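Labels below follow one simple rule: chain letters A, B, ... track the order of the sequence lines, proteins then strands, and each chain is numbered from 1. Given the structure is predicted, the values throughout are model-derived calculations rather than measurements.
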Amino acid sequence: MKAYDHKKIEKKWQNIWDKKGIYKASDSSKKPKYYSLIEFPYPSGAGMHVGHIRSNTAMDIISRKRRMEGYNVLYPIGWDAFGLPTENYAIKTGIHPIKVTKDNTDTFRRQLKALGFSFDWSREINTTDPKYYKWTQWIFLQFLKKGLAYKAKMNINWCPKDKIGLANEEVVDGCCERCGTAVEKREKEQWMLAITKYADRLDKDLDTVDYLSKIKIQQRNWIGRSEGAEIEFHLTPSPSPLQGEGGRRSGEVVKVFTTRPDTLYGATYLVLAPEHPSLVKLKSKITNWGKVTQYILDSKAKGGIERTKDEKEKTGVELEGIKAINPATSEEISVWVADYVLSNYGTGAIMAVPAHDERDFEFAKKYDLKIVPVVLSGGSVQEGWSLDNYSNEWNAQYSNFGKLINSGRFDGLESEIAKKKIVDFVGGKEKVSFKLRDWVFSRQRYWGEPIPVVHCGKCGVVPVPEKDLPVVLPKVKNYQPTDSGESPLANITKWVNVKCPKCKGLAKRETDTMPNWAGSSWYYLRYIDPKNKKEFASQKNLKYWLGSPKQSGGGTGGVDWYNGGMEHTTLHLLYSRFWHKFLYDLKLVPTSEPYEKRTSHGMILASQGEKMSKSKGNVVNPDDIVKTYGADTLRLYEMFMGPFDQSVSWSTDSLIGPRRFLEKVWKIASQLEQNSAHLTLPGVPGGTYATQNFALATALLHKTIKKVTDDIEGMKFNTAISTLMIFVNEIGKFESIQKEDYENFLKLLSPFAPHITEEIWSNLGHKNSIHLSVWPEYNEALIKDKEIKIVIQINGKVRAEMMINGDDGEDEVKGQALSNEIISKYLKDFEVKKVIYVKNRLLNIVV
RNA sequence: GCUCGGGUGGCGGAAUUGGUAUACGCGUUCGACUUAAAAUCGAAUCUCGUAAGGGGUAUGGGUUCGACUCCCAUCCCGAGCACCA
C-alpha cells in the first residue's frame with residue numbers, strides 16, 4: 001500500500017486544476033449562477049494569516065458544493081493593496097510601494113494556491129493597478145457630478161504621528177486606529193462623500209437582505225436612526241421688558257431636536273453645545289460673557305477625547321441675561337452651555353427634561369434645577385414621589401413611556417400618542433436624525449488613488465475629463481507626507497501643474513488621494529468583468545452575475561453569499577452598500593443591494609487566547625503547517641476547531657486529529673482499489689456477514705449525506721466533519737462497504753479536503769475530477785431506522801432502555817415498557833399517575 | 001452605562017432547539033504489536049461510591065412530567081457603541 005504523501009498529491013492536483021481551468025467561471029452558461037465572495041486580502045508583508053484560511057476555506061467549501069450541485073460558480077480573488085502599512089514600509093526602506101506590493105502579492109498568491117482554493121485566478125484584480133483604479137476615479141467623478149462629493153472646511157481628526165486625516169470611523173477611543181496616537185482636531189479642507197444622504201435607505205433596506213442579525217444590529221446602531229421632532233424655543237433677554245408677548249422675544253430662536261416631544265412640559269431648561277452658533281450672536285445680551293467664553297475655550301481645547309470620557313462629571317455655565325420660553329407652558333426657563341451636548345448631532349441644542357433623561361437629571365441635580373415629571377410609567381403619582389427625589393429609582397420610575405401628567409390638556413394621554421399632538425400644538429416639525437456622519441474622503445498620502453480633479457483659479461474645481469483617466473500616481477523620491485499636512489504629491493511640480501481642462505489656463509492638480517476603503521467599495525463588481533476597458537463592467541455581465549431581484553426568488557439579488565469579519569461591518573460593508581446604491585440610482589447596477597447574504601467568521605487567536613501579533617511572537621505560519629501536515633489537514637483542522645462564527649484559540653497539537661482521519665480515509669481507499677465492487681477489510685472474509693454490513697454502511701451513508709449537506713449550509717463545519725469522522729470509524733467496525741457508497745462519502749469530504757479526495761477518486765478509475773461530479777442526495781427511506789432505542793424514565797430519571805420498532809404506536813410502546821423487567825420492579829410500590837411518550841425518543845412514567 | 005454574544009470534562013467543543021448531558025477531536029492511563037522506540041490497533045477517561053445509587057452544564061430562584069436549552073435575579077468573560085437628546 002502506498003503511503004499518503006500529501007506533498008506529492010497536493011502539488012500534482014493544484015497543477016492539473018490550474019492547467020484544466022476547472023474553477024473558471026463562465027460568463028455565458030445555461031447553469032444557474034452562484035457568486036460567492038470573501039473579503040479580498042490586504043497583502044501585508046507578514047504573509048498570510050491563519051485567519052485568512054478560515055474564511056477562505058469556508059467559502060471554498062460552499063463554492064465547491066455549489067459546483068457539484070450544478071451551479072456556474074464565481075469565486076474570485078484579488079488584492080486590496082493601497083494603504084498605510086505599505087507606504088510606511090516604503091518610507092522606512094525607500095523601496096517603491098509598487099515593488100513592495102508585487103512582492104507581497106506574489107507571496108500571498110503562492111500561499112493561497114498551496115491551500116487549493118478553487119478561485120478563478122483568471123479574474124485576479126489589484127486595486128493599485130491603474131487599469132483598476134481608473135474606474136475607482138471614474139466612480140468618484142460620478143459622485144462629484146451628482147453633488148455627493150464636496151469639499152468642506154472642517155475640523156478633522158488629525159493624527160500627528162501618521163500626519164493624516166482620519167474618518168470618524170477610523171478613530172478608536174480618541175486614538176488613531178492604526179498607530180494609537182491621540183487624535184487632534186485640525187481645520188482642513190477635505191473631500192467628503194455624502195453618505196448621510198443614503199442613511200435612511202441604508203437603514204431601511206437592511207430589512208431586505210439576509211445578513212446575520214448581529215451584523216444588521218451593528219449597522220443599525222452605527223447609522224443611528226431616531227425619530228423625533230424639531231421644536232423651536234424663543235429666547236428672551238431677561239428680565240423681560242413687559243411689552244407683551246412679542247416684545248418678550250429677543251428675536252433669536254433655538255431649534256432643538258428631541259426624540260421625546262411628549263415630555264415637553266417637563267423641559268425645565270435649555271442646553272446649547274459650546275460650538276452652537278447662537279452663542280456668538282447673543283454675545284451682547286449675555287451678562288456673564290467672560291465666564292461663558294472661558295468655558296467654550298476650555299471645552300474646545302479638551303477636544304472630543306476628554307469630553308467623551310466616561311467618569312467625567314458634567315459641567316456647564318448658565319447664560320445670564322438670557323431666558324428661553326418653553327413653547328408648551330410659556331414659562332421662562334434658564335439657558336445653559338454645556339459640553340455634554342454635542343454640536344454635530346441633532347441641532348446642537350437640547351431641551352433638558354431632567355425627570356426623564358439620566359444625563360439631564362445628573363446635570364439638574366448638580367446645578368439645582370427644577371425637575372418636573374410628566375410621564376407616568378406605572379403605579380400612582382404618590383408612589384412615585386414617595387421615593388427619594390434624587391435617587392436613580394426615582395428617575396427610573398418616570399423614564400419610561402406611559403400616561404402623561406403635569407402636561408395641561410394632554411394629561412392622561414399615552415406618551416406615544418401625545419408625541420405627535422404636542423409637536424402639532426407648538427408648531428414643531430417631525431424629524432428623523434442620524435448618528436451617521438459624512439465620510440471624510442481625502443488622505444494627505446502617496447499610496448492611494450489620486451483624486452481626479454484640477455483646481456483652476458478661474459474655473460474653480462474642474463473634474464478631469466473621463467477620457468483622461470486614469471490619473472496615474474507619479475513617481476516620487478520621498479513618500480513622507482509634508483509637515484504642512486499636504487500629500488507628498490504636492491512636491492512633484494511637473495505633475496501638479498497642468499492646463500485647466502476647461503479654460504486651458506494654468507491650473508493645479510488635486511494632491512489628496514483616496515482612502516483605502518475606496519477601492520474595496522466596488523471590487524466585487526470588477527470581478528464580474530475584470531478586463532473591460534470601456535466600462536467598470538458590462539451591463540450584460542452585471543445582469544448575469546448579480547441577477548435581478550425577481551430572478552433570485554424574492555431576495556435582493558447581488559453577490560449570493562459574502563463572508564467576512566465583524567470588524568468590517570460598519571466601515572467597508574456600509575461604504576460598499578452606499579456606493580452600490582449610488583450606482584443603482586445611476587442605473588449602472590441592476591440591484592439595490594450589493595450582497596444578498598452576509599455571514600461572519602470568528603477570529604483565530606493564539607493558543608493563550610490573545611491576538612496573534614509579531615510583537616508577541618505567537619504568529620502561526622501557514623507555510624510550515626502545509627509542509628508538515630498538508631493543506632487538506634490544515635483546511636480540515638480550521639473548519640473543525642470550533643463554531644465558525646466564534647473566536648477560537650489555535651492549537652498545533654490538535655492538528656494531528658484531522659490528519660489521522662485523512663490517513664484512515666486513505667487506508668480504506670487503498671484496500672478498496674483492489675476490489676472493483678466492494679471493500680472487505682482484513683479480518684472478515686466476506687459472505688453473508690459482509691453483505692449485511694453493506695446495508696448498514698449504506699444506511700449510515702445516507703444519514704451522513706443529510707447531516708453534512710445541512711451543516712454546510714448552516715456553516716456548522718465542525719459538526720459536519722465530526723459526522724464524517726463517525727462514518728469512517730463505523731465503517732471500520734462494519735469492516736465492509738460497497739465501492740459506490742465509499743465514493744459518495746468521498747464526494748462529501750471533497751469540499752473540505754480537495755486534494756486527497758481527488759487523488760483517491762482518480763485511483764478508483766475516474767477520468768473526470770471529483771469536484772465536477774454530482775453532489776450526493778440522500779434517500780429518505782434509508783434514513784429511517786427500523787429499530788429505535790428509546791429511554792424509559794420514571795419521574796424524569798432514566799431507569800431503562802429498550803428497542804422498539806420504528807412504526808410502533810404509543811400504546812404498543814407503553815405496554816412494552818410497563819412489562820419491562822427493570823421498570824416493573826420500580827413500579828411495584830407506586831401508582832402510575834401519568835405516562836408521557838415522546839415519539840422515538842423516550843417514555844416518562846410519572847408516579 | 002447601553003446593545004449583542006458567551007460561560008458545559010484536563011483542553012477545543014457536541015446536544016436533533018424542551019426529551020439519555022459531555023458526540024467528534026486533542027491529551028492522559030492501561031493493553032497488543034516491537035529487542036526497543038515511533039507509528040498503528042484495542043480498552044478506559046465528569047464526579048462521589050466496592051456496589052446499589054447519588055451529584056453535576058457560572059450562581060440563586062421559578063415554570064414543566066422533564067431545563068445546558070424557557071422566565072426572573074446575580075456574577076464573570078468577549079465584541080461593538082458611547083454624554084446620540
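Nucleotides B:G25 and B:C77 are separated by 34 Å at their P atoms, to the nearest Å. Taking the P atom of each, B:U3 and B:C71 are spaced 15 Å apart, rounded to whole Å. One P atom belongs to B:G80, the other to B:G18, and the distance between them is 31 Å to the nearest Å. The P atoms of B:G10 and B:U45 are separated by 15 Å, rounded to the nearest whole Å. Taking atom P on both nucleotides, B:G55 is separated from B:A67 by 12 Å, rounded to a whole Å. Straight-line distance between the P atoms of B:A38 and B:C33: roughly 15 Å, to the nearest whole Å. Here the separation of B:A52 from B:U57, taken at their C1' atoms, is 26 Å to the nearest Å. Distance check on atom P: B:U16 versus B:C65 gives 22 Å, rounded to whole Å.
A residue-by-residue look at A:Ile790 and A:Thr347 shows that A:Ile790 has its nearest nucleotide of RNA chain B further toward the 5' end.
Judged by distance alone, the side chains of A:Glu39 and A:His572 never bring a donor and an acceptor atom under 3.5 Å apart. Neither side chain, A:Tyr265 nor A:Asn326, offers a donor N or O lying under 3.5 Å from an acceptor on the other. Side-chain contact of A:Tyr637 with A:Thr57: a donor-acceptor pair under 3.5 Å is absent, judged by distance alone. Judged by distance alone, the side chains of A:Lys664 and A:Asn729 do bring a donor and an acceptor atom under 3.5 Å apart.
Residues satisfying the side chain to side chain donor-acceptor pair (under 3.5 Å) criterion with A:Arg54, sequence neighbours excluded, are absent altogether. Take A:Ser647 and apply the side-chain contact (heavy atoms from CB on, under 4.5 Å) test, not counting sequence neighbours, and it matches A:Met603, A:Leu605. Scored by the salt bridge (Lys or Arg N to Asp or Glu O under 4.0 Å) test, A:Lys255 finds A:Glu230 as partners (sequence neighbours excluded). With sequence neighbours excluded, the residues that form a salt bridge (Lys or Arg N to Asp or Glu O under 4.0 Å) with A:Lys370 are A:Glu331. Applying the side chain to side chain donor-acceptor pair (under 3.5 Å) rule to A:His702 yields no partners; only residues at least two apart in sequence or on another chain are considered. Scanning for side-chain contact (heavy atoms from CB on, under 4.5 Å) contacts around A:Thr719 gives A:Lys707, A:Asp711, A:Lys716, with sequence neighbours left out. With sequence neighbours excluded, no residue forms a ring pair (Phe, Tyr, Trp, His ring centres under 6.0 Å) with A:Tyr778. Applying the side-chain contact (heavy atoms from CB on, under 4.5 Å) test to A:Asp200 and every residue at least two apart in sequence or in another chain returns A:Lys204, A:Arg225, A:Phe434.
B:A85 atom P lies 13 Å from atom CZ of A:Phe434, rounded to whole Å. Rounded to an integer number of Å, the gap from A:Ile726 CD1 to B:U16 P is 14 Å. Atom C1' of nucleotide B:C4 and atom CG of A:Asp645 are separated by 12 Å, given to the nearest angstrom. Per the geometry, CG belonging to A:Leu662 stands 12 Å off P belonging to B:C26, to the nearest Å. Distance CZ (A:Arg225) to P (B:A85): 13 Å, rounded to an integer number of Å. Between the P atom of B:G27 and the CG atom of A:Leu655 lies a distance of 11 Å, rounded to the nearest Å. We find that CE of A:Met351 is positioned 12 Å from P of B:A85, with the value rounded to whole Å. Atom P of nucleotide B:C4 and atom CH2 of A:Trp222 are separated by 18 Å, given to the nearest angstrom.
For B:A85, there is no paired nucleotide, since no Watson-Crick or G-U wobble pair has both relevant distances below 3.5 Å. As the counterpart of B:U3, B:A79 is assigned, both hydrogen-bonding distances of the Watson-Crick or G-U wobble pattern falling under 3.5 Å. Using N1 to N3 plus N6-O4 or O6-N4 for Watson-Crick, or N1-O2 and O6-N3 for G-U wobble, each under 3.5 Å, B:U69 pairs with nothing.
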For nucleotides 61-70 of chain B, tabulate all protein N/O to nucleotide N/O atom pairs closer than 3.5 Å, reporting atom names and distance.
residue, atom, partner, partner atom, Å
B:C65, O2, A:Asn844, ND2, 2.4

Please write out the pairs of protein N or O atoms and N or O atoms of nucleotides 5-14 of chain B separated by less than 3.5 Å, giving the distance to one decimal.
residue, atom, partner, partner atom, Å
B:G12, O2', A:Met641, O, 2.5
B:A14, OP1, A:Asn718, ND2, 2.9

Between protein and nucleic acid, restricted to nucleotides 39-44 of chain B and to nitrogen or oxygen atoms under 3.5 Å apart, what atom pairs and distances do you find?
residue, atom, partner, partner atom, Å
B:U40, OP1, A:Arg660, NE, 3.4

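For A:Val838, the side-chain atoms get nearest to B:G19 when compared with the rest of B:A85, B:G19, B:C24. Closest to the A:Pro658 side chain, of the nucleotides B:G25, B:C83, B:U3, is B:G25. Listed nucleotides: B:U3, B:U17, B:C83. Nearest to the side chain of A:Lys716: B:U17. Ranking B:C81, B:A85, B:C83 by closeness to the A:Lys435 side chain, first place goes to B:C81. Of the candidate nucleotides B:G19, B:U20, B:G80, B:G19 has the atom lying nearest to any side-chain atom of A:Arg841. Comparing B:C81, B:G53, B:U20 by their closest approach to the side chain of A:Arg799 singles out B:G53.
Note that NZ of A:Lys833 is 8.5 Å distant from CG of A:Asn795, once rounded to the nearest 0.5 Å.
Distances shorter than 4.0 Å separate some side-chain N or O of A:Tyr345 from OP1 or OP2 on B:A85. Put simply, A:Asn221 has no side-chain N or O that comes within less than 4.0 Å of OP1 or OP2 on B:A82.
B:G9: glycosidic angle within 90° of 0, hence syn. Base orientation of B:U17: syn, since the glycosidic angle falls within 90° of 0.
Within 4.0 Å of A:Thr258, counting heavy atoms only, lie sugar-phosphate atoms of the nucleic acid but no base atom. The residue A:Lys789 sits close to a base: some heavy atom pair falls under 4.0 Å. Residue-level contact check: A:Asp360 touches neither bases nor backbone, having no heavy atom under 4.0 Å from any strand. Using a 4.0 Å heavy-atom criterion, one finds that A:Leu842 contacts the bases of the nucleic acid, with or without backbone contacts as well.
The aromatic ring centres of A:Phe745 and A:Phe727 sit less than 6.0 Å apart.
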Using distance only, find each side-chain donor-acceptor pair of residues 210-220 of chain A under 3.5 Å and give its atom names and separation, not counting sequence neighbours.
residue, atom, partner, partner atom, Å
A:Lys216, NZ, A:Leu206, O, 2.9
A:Lys216, NZ, A:Val209, O, 2.9
A:Gln219, OE1, A:Arg577, NH1, 2.7
A:Gln219, NE2, A:Thr569, O, 2.9
A:Arg220, NH2, A:Asp203, O, 3.3
A:Arg220, NH2, A:Asp207, OD1, 2.9

